[in-house]
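Reading through the structure tokens given below for one structure.
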Amino acid sequence: MPKGATDGRVARERPGLHLGPSSADGPVEKLRTLRLPLAFAILMGVAYGVTLVAEGVGPTDTPELRWLLAAVLVAVGITVVQALRYFVLDVLFLRTQGHRAPALLHVVVALSLYFVLGLVIAGAVFEQPLTGAIATSAIASVVIGLALQETLGNFFAGISLQIEQPFRLGDVIESGGRSGRVEMFNWRATTIQTVSGSRVVIPNSVVAREAVEVLSRTRPARHELSLSAPYEAPPQQIVGVVHRAVMGVPGVSDRPVPQVRLASFDDSSVGYEVLYWLEDPLRAAAIDAQIRERVWYAFARNDISIPFPHEVHVPYLPPERPVIEDPCGERARWLGEVELFGPLTPEERRQLAQDARTLLYGPGESILRAGAEGGSMFVVLRGRVEIRVPQDDGRRVRVAEMTAGEVIGEMSLLTGEPRSADVRAVGEVELMEVRRDDVRALLAENEALADALAHEMAYRLDARADALAATAAPASVPMMQASLLHRIRRFFELG
């Protein structure tokens with residue numbers, strides 16, 4: 001293939017790169033390339049004129065004059081061909097098609113014009129009969145066309161594709177039952193890289209003949225995922241649960257926003273469709289798997305059963321963990337290890353444990369988001385969670401990692417203020433949630449607990465401020481116990 005012809009790989013492509021001559025070849029550079037053939041044409045023209053006058057014969061009477069005239073015509077022809085290529089294939093093509101002509105078209109046009117120029121010189125200058133040459137060329141063309149029918153079909157299809165440019169390097173296409181990212185295409189074939197990492201070479205004639213789906217690398221591609229839910233769960237509940245599970249999955253674009261809609265009423269379940277937009281269409285299968293995993297955990301936390309192939313009730317207990325005969329007593333034991341609930345009596349902790357609930361989160365799931373409404377706290381029972389604090393520039397700074405026995409969100413539980421950090425599961429995490437209404441029942445019976453909780457919370461805030469001072473995250477100003485008590489009493493509507 002000639003130098004500069006369309007042949008490249010995705011890794012070397014830059015935004016805005018078009019298949020064809022380099023965009024660095026501006027008008028001035030193009031015109032400068034005409035200086036050499038034009039100067040040679042003038043020099044040969046002067047030599048031809050001097051020789052013609054000196055010998056006093058006809059324009060082609062001597063072999064020397066014929067060769068000089070042929071040299072003049074060759075130089076003039078090269079100049080004209082280069083000028084036509086620039087003004088027609090670059091300037092005019094750019095204005096009409098919106099992009100520059102591909103290099104392969106330049107080569108084909110140049111070779112055709114040079115062939116015509118050769119015929120003109122052979123017939124007009126050297127007085128060679130062209131009838132036999134044309135007849136021989138016609139016969140040879142028929143023979144070559146029959147012998148190379150498939151190759152020529154790919155060749156002209158390649159020219160058509162490079163002129164129209166229905167897709168670019170880096171786009172994902174589906175053709176002939178194969179889908180992959182366009183890695184290279186030239187005059188003969190288009191090469192795509194599939195999701196498995198293999199390369200598939202598709203002849204250009206196949207691409208030009210069949211319907212091709214093009215997913216541009218510059219725009220998100222829409223994808224659909226089917227899910228099933230039981231008839232017992234209201235559609236609005238399923239839509240909300242699934243939508244929250246989809247948001248934040250790596251690779252899912254947040255613009256446009258993912259959609260969840262009811263799709264069908266099946267024999268034993270309700271069908272739902274999840275519409276989301278992919279940043280990389282080749283990762284559709286992997287992202288579908290992540291969404292199904294997060295939906296499973298979301299269904300488990302909301303006590304929603306999965307109807308296919310038979311009802312599997314969730315939440316579940318991991319097989320390595322023994323069955324707990326007294327879940328309430330187990331939760332009370334965990335609450336007894338939380339310093340914040342140190343002022344509670346064993347009876348009060350057991351009452352609080354009866355109303356608490358256990359939640360299961362999958363790897364990478366978002367548990368809390370900064371700025372979201374508060375009103376509950378969590379005790380880590382199993383696994384690990386990471387804490388990220390938002391910065392003014394939009395970044396999230398990782399400030400801590402919580403393990404079994406530690407608590408998150410206690411300030412929101414006691415005062416109702418919005419969440420101050422993002423909390424994300426690292427691996428599978430089991431949490432116990434204590435809600436505002438659960439604590440309200442205790443404070444209604446014993447208002448003296450509010451002062452004890454305010455004292456313990458003020459102490460924890462002082463310790464946290466000291467810990468955050470060593471990180472890049474800004475530490476909030478610790479509250480005085482009296483101010484914190486006032487906020488607790490107001491949040492729980494105590495007298």
Side-chain angles (χ1 to χ4, degrees), residues 297 301 315 317-318 320-321 324 327-344 346 348-350 352-353 355-370 372 374-390 396-436 438-439 442 449 452-476 478-479 484 488:
Y297 284 103
R301 291 192 297 273
L317 289 176
E320 66 273 11
R321 297 191 64 200
I324 300 175
C328 180
E330 179 71 8
R331 288 196 291 267
R333 183 184 68 80
W334 280 103
L335 291 177
E337 297 180 4
V338 177
E339 295 179 356
L340 177 64
F341 296 125
L344 274 64
E348 290 171 335
R349 282 197 295 271
R350 188 169 185 85
L352 191 62
D355 299 325
R357 60 175 185 166
T358 302
L359 303 177
L360 193 64
Y361 285 84
E365 280 198 273
S366 176
I367 300 171
L368 299 178
R369 295 182 183 274
S376 66
M377 62 162 278
F378 299 87
V379 180
V380 181
L381 303 182
R382 179 172 58 87
R384 297 177 295 125
V385 299
E386 65 174 5
I387 314 297
R388 293 181 178 269
V389 176
R396 257 61 174 172
V397 176
R398 184 177 183 276
V399 297
E401 185 174 280
M402 302 293 188
T403 57
E406 298 185 88
V407 298
I408 51 178
E410 62 271 30
M411 180 59 73
S412 294
L413 170 68
L414 297 180
T415 65
E417 67 179 32
R419 307 295 187 184
S420 60
D422 293 343
V423 180
R424 188 179 69 90
V426 180
E428 190 175 77
V429 177
E430 192 174 1
L431 305 174
M432 177 172 54
E433 182 183 25
V434 179
R435 292 165 291 187
R436 172 194 179 191
D438 305 335
V439 178
L442 293 178
L449 282 177
L453 291 175
H455 174 77
E456 181 64 30
M457 193 64 212
Y459 174 77
R460 290 172 61 84
L461 288 177
D462 287 338
R464 181 175 301 173
D466 294 338
L468 289 177
T471 70
S476 56
M479 299 181 185
L484 187 56
I488 293 175

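When a residue number appears, it is its place in the shown sequence, counting from 1.
In this view, Pro363 and Glu293, Tyr297 satisfy the side-chain contact (heavy atoms from CB on, under 4.5 Å) rule, not counting sequence neighbours. Residues meeting the side chain to side chain donor-acceptor pair (under 3.5 Å) test with Asp422, sequence neighbours left out: Arg396. Here Arg424 pairs with Glu386 under the salt bridge (charged side-chain N to carboxylate O under 4.0 Å, His left out) rule; sequence neighbours left out. Partners of Arg357 according to the side chain to side chain donor-acceptor pair (under 3.5 Å) rule, which considers only residues two or more places apart in sequence or in another chain, are Glu433. Contacts of Arg419 classified as side chain to side chain donor-acceptor pair (under 3.5 Å), with partners at least two apart in sequence or in another chain: Ser376, Ser412.
Going from atom CG of Leu381 over to atom CG of Leu431 covers 6.5 Å, rounded to the nearest 0.5 Å. To the nearest 0.5 Å, atom CZ of residue Arg350 and atom CZ of residue Arg331 are 9.5 Å apart. With rounding to the nearest 0.5 angstrom, the CD1 atom of Ile367 is 8.0 Å from the CD1 atom of Ile387. Atom CG of Leu335 sits about 10.5 Å away from atom CD of Glu330, to the nearest 0.5 Å. For the atom pair Thr415 OG1 and Arg436 CZ, the distance stands at 10.5 Å (nearest 0.5 Å). Between Glu430 atom CD and Thr358 atom OG1 the span is 6.0 Å, to the nearest 0.5 Å.
Shortest non-hydrogen contact noted between Ser420 and Pro390 is O-CD, 3.7 Å. The two atoms that bring Gly383 and Val380 nearest to each other are O-CG1, 3.6 Å, heavy atoms only. Minimum heavy-atom separation, Leu359 to Phe378: CD1-CE2, 3.9 Å. Ala353 and Ala332 get closest at one heavy-atom pair: CB-N, 3.5 Å.
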When the side chains of residues 399-409 are checked against the rest of the protein, which donor-acceptor pairs come out under 3.5 Å, sequence neighbours left out?
| unit_1 | atom_1 | unit_2 | atom_2 | d |
| --- | --- | --- | --- | --- |
| Glu401 | OE1 | Arg384 | NH1 | 3.1 |
| Glu401 | OE1 | Arg398 | NH2 | 2.6 |
| Glu401 | OE2 | Arg384 | NH1 | 2.8 |
| Thr403 | OG1 | Glu406 | OE2 | 3.3 |
| Glu406 | OE2 | Thr403 | N | 2.8 |

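Taking a 6.0 Å sphere around CZ of Arg369, one finds it holds 12 or fewer heavy atoms contributed by other residues, nucleotides or ligands.
The backbone N or O of Leu344 lies less than 3.5 Å from a partner atom in the side chain of Arg349, making a donor-acceptor pair.
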